[in-house]
Amino acid sequence: MKPSIPQGTRDFNAVTIRKRNYIFNTIRNVFELYGFQPLETPAMENLETLMGKYGEEGDKLIFKILNNGLDNPAKHEQAKEDFEKILEGKNNKNITERALRYDLTIPFARYVAMNHGQLTFPFKRYQIQPVWRADRPQRGRYREFYQCDADVVGSNSLLNEVELANIYATVFEKLGIDVEIKINSRKILAALAELSGGADKMIDITVAIDKLDKIGIEKVKEELVQRGLNENQINIIEKYLSIRGSNEEKLIAIKKLADENATAKKGIEEIEYLLNFTIHHSPLTIDFTLARGLNYYTGIIFEIKAKHVTMGSIGGGGRYDDLTGLFGVPNIPGVGISFGVDRIYDVMEELKLFPDEIETSTQVLFFNLGENESRQAFELMQQLRNKNIRCEIFHENTKFDKQFKYADKKQIPYAVIIGSKELAENNCVLKNLQSGEQQTLSQNELLGFSF
RNA sequence: GAGAGCGUAGCUCAGUAGGUUAGAGCGACAGUUUGUGGCACUGUAGGUCGUGGGUUCGAGACCCAUCGUUCUCCCCA
């Protein structure tokens, strides 16, 4: 058979992993710097933990795991009956009890609900793990990808939003990615729905206006008509969507439009608080069309867009009032953000933002020039390794050409040559393979050399 | 879930209106070169043309199906 891997998954070679680790480490260090603690949860969750949390579309994209033991003849009749329900589109514990993690937020909420008695609030955790979605793969979209999340639960303070916005700004600055951190408030969106007379239409409205920059105002209006809004309602939404300008200008305009509405007023105040508090050069931009799909957001929402490149959002998040309520533990509010590492990787690759030095692996190659020579080389190599220098010795005694070419291909910066002459004189030749310069050193000098 | 493009050597691709033995570059391996690499030159290996069917005297090319992959829509990281 031809070996292959599942659609939308990838193998990662050494170079790729080094670059990814560079991203992971950057994010992790900032998370730690802000006082977040690590958490890991299982790759799979009980299906019922995940179902219904991501909207109707989300449910379809959850990878479900077939139960074991269905081939047991004693249970055939029951299994067939249960499978009928699957065909009707209903989930059935007897067929699929577990599913692969779809994001990191819901498993975190489940964890908090299970352990709220032991946790010190506010509880700040970060989590860096892969998630799986049964989406059709395309540019910037994979079926297995990493998310890096930071969440704070057990606090209503907007200081948390400030902290998270600063984490976003700091990480992307460290990575060298020019981004726009778009913010909006679900409260303002809810108010818009109220004002345009369709509080129950909030999801319809947000889904439609989210597409504004993609399909244009006319198409959005068409979609709103299709979703059952009347002309008057659409006029209000159009006014809302026509708000342009700087953050200040947008705030003035939205106040004019919706300030009498208590919910909107609250949302506007929150955005103002965040903008006034955040480090002043941070790239926060109000975007009133930002809606975000996940239904559980209730306050400020974030989304990250990389500049100079065509790529979906590389991060997102927001405040949710009562996520653990879904698991029977009410009144624990939270707010969180997520980094999409695989898209960040693609953006950095395209913009050539990875520093060169992360690609070096082995620092020193010891040449193998004979039985006794290589024994001495081996001895020295072990001593260098004890000094934390990454070394290897060529696997067989062969001509120089081979050994040099091996070093070239692995981009090893130094070669140590110990031939019969060096062996006799108790020294070695150290060659810098980039510059071509070489020097004869005593073996002691080699051990003290700073690579 | 809907739609489009592409599958020829390890990689990137060529292959002219269907015509004999399927090509190139890069890479790999070997040699020129058993104490000095990157360059150059020479040579060698490597292909069920994704798979299965069909049209034809003849298919890498045309048709159908299927699988894989890329991209778009939907939605998202």
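Letters A, B, ... mirror the listed sequences (proteins, then strands); counts begin at 1.
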According to side-chain contact (heavy atoms from CB on, under 4.5 Å), who are the partners of [X], at least two apart in sequence or on a separate chain?
X	answer
Val225(A)	Ile234(A)
Pro130(A)	Arg101(A), Trp132(A), Glu144(A), Tyr146(A)
Asn372(A)	Leu423(A)
Lys19(A)	Val15(A), Tyr345(A), Glu349(A), Phe354(A), Ile358(A), Glu359(A)

Using a cut-off of under 3.5 Å, enumerate the N/O to N/O pairs linking the protein to nucleotides 5-8 of chain B.
none

Partner residues of Tyr406(A) under the ring-ring contact (aromatic ring centres under 6.0 Å, His included) criterion, sequence neighbours left out: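 With sequence neighbours excluded, Tyr406(A) shows a ring-ring contact (aromatic ring centres under 6.0 Å, His included) to Phe394(A), given in chain and number order.
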Listed partners of Tyr142(A) passing ring-ring contact (aromatic ring centres under 6.0 Å, His included), at least two apart: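 ring-ring contact (aromatic ring centres under 6.0 Å, His included) check on Tyr142(A) returns nothing, list empty.
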With Glu350(A), which residues qualify under side chain to side chain donor-acceptor pair (under 3.5 Å), at least two apart?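 If we apply the side chain to side chain donor-acceptor pair (under 3.5 Å) test to Glu350(A), skipping adjacent residues, the hits are Arg139(A).
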Within the 4.0 Å limit for protein heavy atoms, which parts of nucleotides 34-46 of chain B are touched? Write it as a string from 5' to 3', B for base, S for sugar-phosphate only, - for none. SBBBB--------
Heavy-atom contacts, protein to nucleotides 67-77 of chain B, under 4.0 Å, summarised as B (base), S (sugar-phosphate only) or - (none) per nt, yield --S-SBBBBBB
What stems, by residue range, does RNA chain B take part in, given at least 3 consecutive Watson-Crick or G-U pairs under 3.5 Å?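 When the pairs of RNA chain B are grouped into runs of at least three, the stems are B:1-7 with B:67-73, B:10-13 with B:23-26, B:28-32 with B:40-44, B:50-54 with B:62-66.
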Do any N or O atoms of the protein come closer than 3.5 Å to N or O atoms of nucleotides 27-29 of chain B, and which pairs are they?
{"residue": "A28(B)", "atom": "OP1", "partner": "Lys409(A)", "partner atom": "NZ", "Å": "2.6"}

